[in-house]
Amino acid sequence: MPELPEVETIVRDLQACVIGKEIKDIIELRQGTVKYPADFTANSYGVIEEIRRRGKYIIIQLSSEYLLIVHLRMTGKLIYDDIKREDPKHLRCVIKFGDDGRLMFDDVRTFGTMEFIPAGDEDTYFKRIGIDALSEQITLEKFKELLSKKRTNIKNFLLDQSVIAGLGNIYANEILYRSKVSPLRQTAKITASEAKRIFKEMQLVLQEAIECNGTSISDYRRVDDKQGTFQNFLRVYGKESCPQGHEIERLKIGGRSTFYCKTCQK
DNA sequence: ATTGCTTCCTGAGCGC
DNA sequence: TGCGCTCAGGAAGCAA
């Protein structure tokens with residue numbers, strides 16, 4: 001389940017192995033995996049110039065003035081192969097480079113997307129995406145302002161990509177445990193000191209997870225197919241008890257599994 | 001306008 | 001052994 005730290009790890013891994021490579025061919029093993037603009041006319045895909053992240057989106061900038069935007073959703077993986085690896089079981093698309101290397105897009109549940117858009121359409125494409133959770137532009141004051149504009153519980157608030165982009169279910173649970181705030185609390189009732197803790201823990205958890213190269217709970221793998229290690233530091237997600245030894249409550253909020261400690265989180 | 005529910009999809013895990 | 005059921009969850013689309 002790639003969230004911001006997993007996507008950041010993949011972007012860094014990709015930067016190290018595919019920048020400067022020319023895309024020679026794109027082969028779809030599952031039709032419809034890659035979307036193109038109706039007027040897509042590029043006679044070549046071009047060379048990969050830059051790779052960056054926006055929320056959970058991977059943006060691959062090409063010399064052809066197009067962007068290839070990838071979203072892994074739940075089970076998508078990008079695996080780089082220059083050692084003739086075996087095809088993964090759910091290979092949906094292969095990007096072939098000029099040098100025999102290839103980038104494989106594997107995705108069990110087929111929710112992941114790959115889409116070419118004109119470079120100039122980037123802002124329009126992301127108009128529903130809020131400020132990145134690790135953006136330097138987001139201050140405590142800005143965070144509190146965003147909180148005051150929403151009428152929902154704090155967990156749904158953290159998961160809303162149109163407000164703050166990058167958090168998913170695992171990190172939202174972890175941030176709230178470390179902040180000692182119940183996921184059920186309404187945004188309007190969050191105090192200034194609680195907001196400060198949530199804001200700080202959001203940045204800390206994400207940074208720590210990036211240092212661990214992400215959380216490999218189920219499907220997530222790095223570009224070299226290796227796992228991240230932050231799963232070893234989770235405190236509530238998927239746990240029976242919290243680090244203090246209290247029993248973890250499990251319920252659904254917005255249809256998603258929510259883990260929290262009634263004793264530690266108020 | 002805003003919020004929240006349903007849907008898309010496949011495989012793992014479970015009870016019987 | 002295998003069947004049917006539930007669960008996993010990101011975000012578009014739709015309903016209220």
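Because the structure is a prediction, the values reported are computed rather than measured. Per chain, numbering begins at 1; letters A, B, ... match sequence-line order.
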Checking all strands, does [X] fall into the base, sugar-phosphate, or nothing category for heavy-atom contacts under 4.0 angstrom?
| X | result |
| --- | --- |
| A:Gly255 | nothing |
| A:Phe157 | nothing |
| A:Ser257 | sugar-phosphate |

How far, in whole Å, is B:dT6 from C:dT6 if one measures between their P atoms? 14 Å

Can you tell me, in whole Å, how much space there is between the P of C:dA11 and that of B:dG11? 22 Å

Figure out the [atom1]/[atom2] separation between [X] and [N], and round it to whole Å.
| X | N | atom1 | atom2 | answer |
| --- | --- | --- | --- | --- |
| A:Arg128 | B:dT2 | CZ | C1' | 15 Å |
| A:Asn153 | B:dT2 | CG | C1' | 15 Å |
| A:Arg109 | B:dC9 | CZ | P | 11 Å |
| A:Arg73 | B:dC9 | CZ | C1' | 11 Å |
| A:Leu159 | B:dT3 | CG | C1' | 14 Å |
| A:Arg256 | B:dG4 | CZ | P | 12 Å |
| A:Glu3 | C:dA8 | CD | C1' | 13 Å |
| A:Asn156 | C:dA11 | CG | P | 14 Å |

Check whether any side-chain N or O of [X] sits under 4.0 Å from OP1 or OP2 of [N], and answer yes or no.
| X | N | value |
| --- | --- | --- |
| A:His90 | B:dG11 | yes |
| A:Lys56 | C:dA11 | yes |
| A:Thr152 | B:dG4 | yes |
| A:His71 | C:dA11 | yes |
| A:Lys252 | C:dA8 | yes |

Under 30°, 30 to 60°, or over 60°: which ring-plane class applies to A:His71 and A:Tyr57, parallel, tilted or perpendicular? perpendicular

Tell me, yes or no, whether the heavy-atom count around A:Arg128 atom CZ, taken from other residues, nucleotides or ligands under 6.0 Å, exceeds 12. no

Do other residues, nucleotides or ligands put more than 12 heavy atoms under 6.0 Å from A:Lys144 NZ? yes

Ranking C:dA11, B:dC9, B:dT3 by distance to the side chain of A:Thr110, first place goes to B:dC9

Could you check, using the six-membered ring where one of them is a Trp, whether A:Tyr45 and A:Phe116 have ring centers closer than 6.0 angstrom? yes

I'd like to know if the side chain of A:Glu28 and the backbone of A:Thr33 have a donor-acceptor N/O pair within less than 3.5 Å. yes

